[in-house]
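Single-structure report; data block below.
Note that the coordinates shown come from a computational prediction; the quantities given were computed from them, not determined experimentally.
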Amino acid sequence: MQETQQIQTREVREAEDFRRLAREQLPRLYAIARALVGEDAEDAVQDCLLKAFQGYGQLHDTAAGPAWLRKILVNRCRDLGRTRARQPVQVDLDQAENFSLYRKIAYEDPFPYSDSLHLDFLAGFGNEDVRAVLTSLPELYRVPLVLVHMEGFLAREVAAVLDAPLGTVLARLHRGRKLFELRLWEYAEENGLLKEGASR
């Protein structure tokens with residue numbers, strides 16, 4: 001009887017601890033999911049929290065809770081991305097590797113008479129534009145970019161989350177940044193952002 005009460009007390013305490021952790025981390029989890037899977041963010045976060053709740057009793061270090069939740073979320077987002085992808089996205093890495101957004105803007109000069117050409121280019125992008133460019137990147141490059149440049153993870157932390165060697169993560173970050181620059185330019189061309197006064 002006493003043992004049953006102890007188990008119930010422990011389960012209640014664990015449930016309260018988990019609710020507190022989830023409440024504290026929810027804004028960051030949602031921001032990460034939104035950047036990784038766009039409109040499927042709510043589903044990803046719900047799946048993450050459900051899986052985390054089921055395994056919370058096995059988490060021995062509660063201080064590691066936030067990182068543990070983020071790892072579950074990133075894996076869930078990757079699963080969703082694989083499910084949604086009907087065929088692999090073809091990426092011309094050579095074209096991306098040789099592309100320089102800085103040089104391209106200077107050469108094309110899309111805003112004549114501008115004293116701050118590169119800033120004028122970037123000012124044309126709203127949050128939704130940047131999100132659209134990000135979600136167009138293959139998951140292989142998008143995940144490290146989001147975690148490092150938007151969420152402030154260190155590259156070695158990303159390597160741990162993705163179970164990948166640090167060198168692999170650094171290479172993906174480099175290629176991802178180059179591809180992101182190329183896609184920014186292409187998106188600007190396709191959506192009429194290369195005109196003066198096109199800022200949104």
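Residues satisfying the salt bridge (charged side-chain N to carboxylate O under 4.0 Å, His left out) criterion with D61, sequence neighbours excluded, are absent altogether. Applying the ring pair (Phe, Tyr, Trp, His ring centres under 6.0 Å) rule to Y102 yields the partners H118; only residues at least two apart in sequence or on another chain are considered. In this structure R34 satisfies the salt bridge (charged side-chain N to carboxylate O under 4.0 Å, His left out) test together with E128, sequence neighbours excluded. Every residue was checked against the salt bridge (charged side-chain N to carboxylate O under 4.0 Å, His left out) condition with D43, not counting sequence neighbours, and none meets it. Under the salt bridge (charged side-chain N to carboxylate O under 4.0 Å, His left out) criterion, E108 pairs with K104, not counting sequence neighbours.
Formation of a donor-acceptor pair under 3.5 Å by the D47 side chain with backbone atoms of A44 is not found in this model. Looking at E181, its side chain does come within 3.5 Å of a backbone N or O of L101 through a donor-acceptor pair. In this structure, the side chain of R70 does not engage the main chain of L147 through any donor-acceptor pair within 3.5 Å. Of the possible donor and acceptor atoms, one in the side chain of R183 sits under 3.5 Å from a partner among the backbone N and O of S136. Between the side chain of R142 and the backbone N or O of L137, at least one donor-acceptor pair lies under 3.5 Å.
Of the charged side-chain nitrogens involved, at least one lies within less than 4.0 Å of a carboxylate oxygen, so that D163 and K71 count as a salt-bridged pair.
Residues W185 and E189 bring a donor and an acceptor atom of their side chains to less than 3.5 Å of each other.
For residues 35-55, the set of pairs meeting the ring-ring contact (aromatic ring centres under 6.0 Å, His included) definition, not counting sequence neighbours, comprises F18-F53.
Atom CZ of F99 sits about 10.5 Å away from atom CG of L179, to the nearest 0.5 Å. The CG atom of L122 lies 7.0 Å from the CG atom of L184; values are rounded to the nearest 0.5 Å.
Heavy-atom neighbours of R131 CZ from other residues, nucleotides or ligands within 6.0 Å: above the threshold of 12. Annotation: E42, atom CD; neighbour count of heavy atoms from other residues, nucleotides and ligands within 6.0 Å does not exceed 12.
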